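Take a look at the structure set out below.
Counting from 1, the numbers follow the sequence of the chain as shown. These numbers were taken from a predicted model, which means no experiment stands behind them. All values below were derived from every heavy atom in this structure, side-chain atoms included, with hydrogens, water molecules and symmetry-related copies excluded.
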Amino acid sequence: QVQLVESGGGLVQAGGSLRLSCAASGRSFSRYTMAWFRQAPGKEREFVAGISWSSGRTYYADSVKGRFTISRDNAKNTVYLQMNSLKPEDTAVYYCAADTTVVVLRTTQSYDYWGQGTQVTVSS
């Protein structure tokens, strides 16, 4: 099993940047595909970005491509989400997720482990 704890959320003006972190505890972090999802009020949780444990390839939702970057540091058991050029529509609770699948899947059902979430608010 793995436990996930997100941090780094906050309030930022449009055009600003934030870096989210997700610290994982448990064994074999390097063998977990990691992803970030987000959920805005009244909306379903949606895929934002993911990174495969086997290939290291990264995947992004179209809405964040070119602005967000996902990365991982296996030595620190941590995955990051660098968010630049933030927009008010990026406002949401951001969740870190993990699964042992080798491919990055974009559905919430594909991930067994979740963090508690961190709030990101972008003001206009």
Open item on the list: Is there a side chain to side chain contact (heavy atoms under 4.5 Å, CB included) between Glu44 and Thr108? Walk through the geometry before answering.
Closed with: CA-CA 10 Å; Glu44 293 187 352; Thr108 57; over 6 Å; no
Open item on the list: Under the criterion side chain to side chain contact (heavy atoms under 4.5 Å, CB included), I'd like the reasoning laid out for Val104 against Arg57: C-alpha separation, chi angles, the key distance, then a yes or no.
Closed with: CA-CA 9 Å; Val104 173; Arg57 291 186 64 180; over 6 Å; no
Task: Candidate pair Phe68 and Leu18, rule side chain to side chain contact (heavy atoms under 4.5 Å, CB included), full reasoning - done: CA-CA 10 Å; Phe68 290 11; Leu18 282 175; over 6 Å; no
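Side-chain heavy atoms closer than 4.5 Å link hydrophobic residues (I, L, V, M, F, W, Y) into clusters, and following such links, even through other members, never connects Tyr80 to Met83. Taking hydrophobic clusters as Ile, Leu, Val, Met, Phe, Trp and Tyr residues chained together by side-chain heavy-atom distances below 4.5 Å, Ile51 shares a cluster with Tyr113. Linking ILVMFWY residues whenever their side-chain heavy atoms come closer than 4.5 Å, directly or via other members, places Val79 and Val2 in the same cluster.
Cation-pi contact between Arg72 and Phe29: present, with separation from the ring centre below 6.0 Å and deviation from the ring axis of at most 45°. By the 6.0 Å and 45° rule, Arg45 stacks over the aromatic ring of Tyr95.
With hydrogens and angles disregarded, a donor-acceptor distance shorter than 3.5 Å links the side chain of Thr91 to the backbone of Val122. Distance alone, capped at 3.5 Å, places no donor-acceptor pair between the Thr118 side chain and the Ser7 backbone. With hydrogens and angles ignored, the 3.5 Å screen pairs a side-chain donor or acceptor of Arg106 with a backbone N or O of Tyr60. With Glu6 contributing its side chain and Gln116 its backbone, the two residues share a donor-acceptor pair below 3.5 Å.
Results of the side-chain contact (heavy atoms from CB on, under 4.5 Å) test with Arg38 over Val120, Val64, Leu81 single out Val64 as the only residue that passes.
Note that NZ of Lys87 and OG of Ser124 are 14.0 Å apart. Values are rounded to the nearest 0.5 Å. Atom-to-atom distance recorded for Met34:CE and Ser71:OG is 11.5 Å, nearest 0.5 angstrom. Rounding to the nearest 0.5 angstrom, the gap separating the OG1 atom in Thr69 from the CZ atom in Arg19 is 11.5 Å. Note that CG of Asn77 is 9.5 Å distant from OG of Ser28, once rounded to the nearest 0.5 Å.
Contact detail for Val48 and Tyr94: the closest heavy-atom pair is CG2-CE2, 4.3 Å. Counting all heavy atoms, side chain and backbone alike, Phe47 lies closest to Ala61 at O-CB, 3.4 Å. Shortest non-hydrogen contact noted between Ile70 and Trp36 is CD1-CD1, 3.6 Å. Taking all atoms of both residues into account, the shortest heavy-atom contact from Thr100 to Trp53 is O-NE1, 3.4 Å. Closest heavy-atom contact between Thr78 and Ala23: OG1-CA, 4.1 Å. Across Gly16 and Val12, no two heavy atoms sit closer than the pair CA-CG2, 3.9 Å.
Residue pairs satisfying the disulfide bond (SG atoms under 2.5 Å apart) criterion with at least one member in residues 3-111, sequence neighbours excluded, are listed as follows: Cys22-Cys96.
Tyr111 meets the ring pair (Phe, Tyr, Trp, His ring centres under 6.0 Å) test with Phe37; sequence neighbours excluded.
No donor-acceptor contact under 3.5 angstrom links the side chains of Thr33 and Asp99, judged on distance only.
Contact check on Lys65 versus Asp62 returns a salt bridge, with a Lys/Arg side-chain nitrogen under 4.0 Å from an Asp/Glu carboxylate oxygen.
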